[in-house]
Amino acid sequence: QVRLVESGGGLAQPGGSLRLSCDASETSVSFYEMGWYRQAPGNQRELVASITHIGETKYADSVKGRFAISRGNVENTVYLQMNSLKPEDTAVYYCQFKRLWYPPSWGQGTQVTVSS
């Protein structure tokens, strides 16, 4: 069980930017993989971006070229820079902390709304 502190969500206009932060720095065990998932009403939760402990990244096709996930300077922190936001990016975004051979931990979710 890992406590994940998320921040950075909110309202943005189409074409705007937001930066999401996920802080699990209170956890003594380093992550194997961390990522961001999102879930819009009526849809299943989907992977947006992930990053491994050695810096390998993966992105959903829908966000490639627009979003960037990165590791923070503080251990067990990650960021999601979201640029060129679209209305279809509107969802609740969840941070995931994953250890090898253990079920993942999830943040409480932060709302991202893209609307004019």
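Start at 1 with the first residue, then count along the sequence.
Taking the ring centroids of Tyr32 and Trp101, they lie at or beyond the 6.0 Å cut-off.
A salt bridge between Lys64 and Asp61 is present, with a side-chain N of the basic residue lying under 4.0 Å from a carboxylate O of the acidic one.
Between Trp36 and Glu6 the shortest side-chain heavy-atom distance falls below 4.5 Å. Looking at heavy atoms from C-beta onward, Tyr59 lies in side-chain contact with Thr57 at the 4.5 angstrom threshold.
Side-chain contact, Glu75 with Ser30: a donor N or O sits under 3.5 Å from an acceptor N or O. One side chain, Arg38 or Tyr93, offers a donor N or O that lies under 3.5 Å from an acceptor on the other. Between the side chains of Asn83 and Ser17, at least one donor-acceptor pair of N or O atoms lies under 3.5 Å.
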Checking ring-ring contact (aromatic ring centres under 6.0 Å, His included) for the pair Trp106/Tyr37: CA distance, chi angles, key distance, verdict? CA-CA 10 Å; Trp106 295 91; Tyr37 288 69; 5.0 Å; yes
In sequence, state the C-alpha distance, the side-chain angles, and the governing distance for Arg19 and Tyr79, and then conclude on side-chain contact (heavy atoms from CB on, under 4.5 Å). CA-CA 7 Å; Arg19 190 190 192 207; Tyr79 301 98; 3.5 Å; yes
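More than 12 heavy atoms of other residues, nucleotides or ligands lie within 6.0 Å of CD in Glu88, so this atom counts as buried by the packing criterion.
In this structure, Leu20 and Met82 approach most closely via the heavy-atom pair CG-CE, 3.7 Å. Closest approach of Val63 and Val48 over heavy atoms only: CG2-O, 3.6 Å.
Within the cation-pi definition used here (under 6.0 Å to the ring centroid, within 45° of the axis), Arg99 does not qualify as a partner of Phe31.
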